[in-house]
Engineer: 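My questions will all concern the structure given below.
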Amino acid sequence: MSRATLEKFDAIVIAGPTASGKSAAAVVLARALNGVVINADSMQVYRDLHVLTARPTPEEEGGIPHHLFGHVDGAVNYSVGYYLKDATAAIADAWQAGKLPVIAGGTGLYFKALVEGLSDIPPVPEEVRAAVRALAETLSAEALHAHLAVRDAAGAARLNPADSPRVQRALEVVEATGKSLASFHDNRTPGPLVGKRLKKLFLDADRDLLRSRINARFEKMMAEGALDEVRALHARRLDPLLPVMRAHGVPGLIDYLEGRVSLEDAITRGQADTRRYAKRQFTWFRHQLEGWDWVKPADAVEAVLGRPA
RNA sequence: GGGGGAAUGUCCCGAGCGGCAAAGGGGGCGGACUGUAAAUCCGCUGCGUAAGCUUCGUAGGUUCGAGUCCUACUUCCCCCA
């Protein structure tokens with residue numbers, strides 16, 4: 001069985017909304033197929049947050065090697081670009097060692113990079129980023145958008161003025177390269193999984209059940225020390241714009257630590273953010289990625305290994 | 001026992017000069033997405049494709065017209081006893 005599956009696939013990819021059981025399924029499959037688990041979650045990469053990002057515990061890892069979990073410092077502005085590089089290496093290592101990569105996570109954009117590749121865009125110099133950010137602070141969203149329209153009309157037309165992060169990025173790219181963001185989209189670095197034999201699963205959890213799991217999980221995280229994690233993170237005084245600082249629960253719990261809201265409100269906010277996120281994950285995988293098998297979480301393992309004899 | 005206040009769109013909170021299918025928010029749903037993606041942004045949320053239909057605790061009344069005014073009733077809250 002495991003030999004047959006190994007010969008059939010170069011990698012197993014498991015996506016799904018948060019709290020749908022991806023990590024557990026990944027471990028079961030990795031164990032059955034002589035595999036390793038590779039993370040595809042944009043927040044579980046951060047060292048600073050273990051409990052709050054639901055990163056697998058040593059027990060949950062079940063002796064299976066886990067890669068790209070907690071390997072990034074919170075002060076780093078990690079991104080798809082870095083992820084693609086790290087994941088490409090991790091996958092190559094697994095193949096090298098004769099192991100099956102079992103890639104699990106919830107970040108659609110990361111999967112897209114793995115499966116379809118990512119445009120080659122020169123890194124934007126820090127000075128340019130800072131300049132654009134400064135400009136964004138002076139101008140209204142509309143004015144910034146109008147400014148982009150002058151440099152990159154097509155790019156501006158594609159963006160809603162209120163969508164400031166994207167407007168800023170588009171602006172950064174033109175400022176740094178003199179070319180529009182879209183002009184780079186033609187040539188891309190192929191992802192490590194392009195052209196590979198894949199089993200791609202999306203864990204299609206029941207919405208109502210997922211909601212209650214999310215709410216309960218957040219309470220559990222609080223009981224397991226999430227607040228201490230955030231307290232330590234808060235003490236680092238990092239730039240609030242950094243990705244770690246936006247992880248579900250972090251903004252609310254920081255507000256609590258600084259005395260602006262009650263603990264109860266902070267928790268409610270963390271749960272709500274997580275619920276809304278889960279909803280967006282469904283939308284993403286429904287439309288942005290093709291060829292995935294939507295299976296119920298309970299059927300994930302069987303979907304790969306087949307029905308046990 | 002007396003006095004005062006409140007009941008709003010079949011999830012919740014909540015605004016509402018007599019012209020309102022009824023502000024706003026939450027929640028939910030749908031959607032966008034190429035380097036901050038657990039972020040960011042957009043749309044829908046009484047029924048109906050539409051003309052239109054049915055809503056604001058209940059029952060009456062005043063009015064061309066009532067969520068808005070009047071009467072009674074029901075429930076809840078507060079104060080005095």
Side-chain angles (χ1 to χ4, degrees), chain A residues 15-19 22 39-46 49 52-55 72 74-87 105-124 128-129 132-133 136 141 144-145 155 158-170 172-173 176-177 180-191 207-208 210-211 214-215 217-218 221 238-253 265 268-289:
Chain A
T18 187
K22 300 182 291 290
N39 172 237
D41 182 291
S42 68
M43 287 297 150
Q44 292 185 349
V45 299
Y46 292 111
L49 299 177
L52 206 56
T53 59
R55 203 161 93 207
V72 180
V76 174
N77 197 325
Y78 201 68
S79 67
V80 220
Y82 291 121
Y83 175 75
L84 184 56
K85 191 143 40 104
D86 290 346
T107 305
L109 187 59
Y110 286 11
F111 281 119
K112 190 164 191 162
L114 251 30
V115 174
E116 299 179 4
L118 185 69
S119 300
D120 262 327
I121 303 175
V124 176
V128 176
R129 295 202 69 178
V132 169
R133 185 183 286 191
L144 193 73
H145 185 258
R158 208 172 294 119
L159 295 170
N160 186 304
D163 196 353
S164 43
R166 288 201 179 89
V167 171
Q168 284 185 44
R169 159 113 261 248
E172 284 173 6
V173 174
T177 67
S180 76
L181 180 56
S183 70
F184 291 98
H185 290 174
D186 294 334
N187 58 335
R188 50 175 133 169
T189 308
R207 289 284 188 103
D208 287 329
L210 196 62
R211 268 197 289 278
I214 286 170
N215 293 158
R217 188 180 68 175
F218 202 93
M221 288 171 173
L238 298 175
D239 183 342
L241 261 32
L242 249 19
V244 233
M245 303 304 283
R246 317 259 186 112
H248 296 323
V250 171
L253 289 171
D265 286 351
T268 301
R269 177 174 169 192
Q271 292 169 323
D273 286 345
T274 310
R275 271 182 271 124
R276 281 191 289 261
Y277 170 55
K279 179 177 150 42
R280 274 179 271 126
Q281 288 177 303
F282 279 99
T283 302
W284 174 282
F285 286 97
R286 202 150 41 206
H287 300 283
Q288 298 294 321
L289 296 171

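So that the names make sense, note that chain A is the first sequence line, chain B the second, and so on, each numbered from 1.
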Engineer: Using ring pair (Phe, Tyr, Trp, His ring centres under 6.0 Å) as the criterion, list what pairs up with A:Y110, not counting sequence neighbours.
Structural biologist: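 Here the qualifying residues are A:Y83.
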Engineer: Which residues pass the side chain to side chain contact (heavy atoms under 4.5 Å, CB included) test with A:A75, sequence neighbours left out?
Structural biologist: A:D73, A:R236, A:L238
Engineer: Restricting to ring pair (Phe, Tyr, Trp, His ring centres under 6.0 Å), what partner residues turn up for A:Y78, sequence neighbours left out?
Structural biologist: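 Once residues adjacent in sequence are excluded, the partners of A:Y78 under the ring pair (Phe, Tyr, Trp, His ring centres under 6.0 Å) criterion are A:H71, A:Y82.
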Engineer: Determine the interatomic distance between P on B:A22 and the same-named atom on B:A50; round to the nearest Å.
Structural biologist: 14 Å
Engineer: Under a 3.5 Å distance rule, please check whether A:Q271 uses its side chain to pair with a backbone N or O of A:F218 as donor and acceptor.
Structural biologist: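 Not at all, since once roles are kept as given, no pair shorter than 3.5 Å links the two residues.
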Engineer: RNA chain B: A:Q281 or A:N160, which has the more 5' nearest nucleotide?
Structural biologist: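 First, find each residue's nearest nucleotide; the 5'-ward one identifies A:Q281.
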Engineer: Tell me, please, which residues at least two apart from A:R158 pass side chain to side chain contact (heavy atoms under 4.5 Å, CB included).
Structural biologist: A:A154, A:A182
Engineer: Where the side chain of A:R55 meets the backbone of A:Y46, is there a donor-acceptor pair that is under 3.5 Å apart?
Structural biologist: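 Yes.
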Engineer: Looking at B:C17, which nucleotide sits across from it as a Watson-Crick or G-U wobble partner, both distances under 3.5 angstrom, or is there none?
Structural biologist: none
Engineer: Under the side chain to side chain donor-acceptor pair (under 3.5 Å) rule, collect the residues that match up with A:R188, sequence neighbours excluded.
Structural biologist: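 With neighbours one apart ignored, the set is empty.
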Engineer: Using a cut-off of 4.0 Å between protein heavy atoms and nucleotide atoms, how would you tag nucleotides 26-35 of chain B 5' to 3' with B, S and -?
Structural biologist: -SSBBBBBBB
Engineer: When both hydrogen-bonding distances must be under 3.5 Å and the geometry is Watson-Crick or G-U wobble, what is B:A72 paired with, if anything?
Structural biologist: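 With both distances under 3.5 Å, B:A72 matches B:U58.
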Engineer: Can you tell me how far C1' in B:U54 sits from the matching atom in B:U8, rounded to whole Å?
Structural biologist: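 Between the two C1' atoms, the distance is 16 Å.
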Engineer: Can you tell me the pairing partner of B:A66 across any strand shown, Watson-Crick or G-U wobble, with both distances under 3.5 angstrom?
Structural biologist: none
Engineer: Regarding A:R217 and A:T274, is there a side-chain donor-to-acceptor distance under 3.5 Å anywhere?
Structural biologist: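 On atom types as modelled, these side chains do not qualify, holding no pair under 3.5 Å.
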Engineer: Once you round it to whole Å, what is the distance between P of B:C41 and NE2 of A:H145?
Structural biologist: 14 Å
Engineer: Just name whichever nucleotide pairs with B:G27, Watson-Crick or G-U, keeping both distances under 3.5 Å, else none.
Structural biologist: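 Answer to the pairing question: B:U45, which forms a Watson-Crick or G-U pair with B:G27.
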Engineer: Rounded to whole angstrom, note down the P distance from B:G28 over to B:A21.
Structural biologist: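 About 31 Å, rounded to a whole number of Å.
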Engineer: Considering only the P atoms, how many Å lie between B:G5 and B:U10, rounded to the nearest integer?
Structural biologist: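 My reading of the P atoms in B:G5 and B:U10 gives 29 Å.
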Engineer: At under 4.0 Å between heavy atoms, what does A:L52 touch on the DNA or RNA strands: base, sugar-phosphate, or nothing?
Structural biologist: base
Engineer: Could you pick out which residue, A:R246 or A:L242, lies toward the 5' side of RNA chain B when each is mapped onto its nearest nucleotide?
Structural biologist: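 Going by which nucleotide is closer to the 5' end, it is A:L242.
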Engineer: Tell me the interatomic distance from A:L144, atom CG, to B:U40, atom P, rounded to whole angstroms.
Structural biologist: 17 Å
Engineer: Using the P atom in both, what is the distance from B:U74 to B:C29, to the nearest Å?
Structural biologist: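 One P to the other, the span is 41 Å.
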Engineer: Determine the contact category for A:E116: base if any of its heavy atoms lies under 4.0 Å from a base atom, sugar-phosphate if only primed atoms, P, OP1 or OP2 are that close, otherwise nothing.
Structural biologist: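 Nothing, no nucleic acid heavy atom in range.
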Engineer: Considering every strand and a 4.0 Å limit on heavy-atom distances, what is the contact class for A:T53: base, sugar-phosphate, or nothing?
Structural biologist: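 Base contact - A:T53 has a heavy atom under 4.0 Å of at least one base atom.
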Engineer: Between A:V244 and A:V250, does a side chain to side chain contact (heavy atoms under 4.5 Å, CB included) hold up when you go through it step by step?
Structural biologist: CA-CA 8 Å; A:V244 233; A:V250 171; over 6 Å; no
Engineer: Identify the nucleotide, in any strand shown, that forms a Watson-Crick or G-U wobble pair with B:U36, with both distances under 3.5 Å; if there is none, say none.
Structural biologist: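 WC or wobble partner does not exist here.
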Engineer: Who pairs with A:R286 by side chain to side chain donor-acceptor pair (under 3.5 Å), at least two apart in sequence or on another chain?
Structural biologist: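 If we apply the side chain to side chain donor-acceptor pair (under 3.5 Å) test to A:R286, skipping adjacent residues, there are no hits.
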Engineer: Taking the same atom, C1', in B:A51 and in B:G30, what whole-Å distance lies between them?
Structural biologist: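 Result for the C1' pair: 28 Å, nearest Å.
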Engineer: Between B:G9 and B:G16, how far apart are the two C1' atoms, rounded to whole Å?
Structural biologist: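 Result for the C1' pair: 13 Å, nearest Å.
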Engineer: What's A:Y110 touching, base or sugar-phosphate or nothing? Going by heavy atoms closer than 4.0 Å.
Structural biologist: sugar-phosphate
Engineer: At 4.0 Å (heavy atoms only), tell me whether A:T107 reaches a base, stays on the sugar-phosphate, or touches nothing.
Structural biologist: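 Touches sugar-phosphate only.
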Engineer: With sequence neighbours excluded, tell me which residues meet salt bridge (charged side-chain N to carboxylate O under 4.0 Å, His left out) with A:D186.
Structural biologist: none
Engineer: For B:G46 versus B:G26, give the span between their P atoms, rounded off to a whole number of Å.
Structural biologist: 16 Å
Engineer: Restricting both atoms to N or O, compile the protein contacts to nucleotides 23-25 of chain B shorter than 3.5 Å, with distance only.
Structural biologist:
none

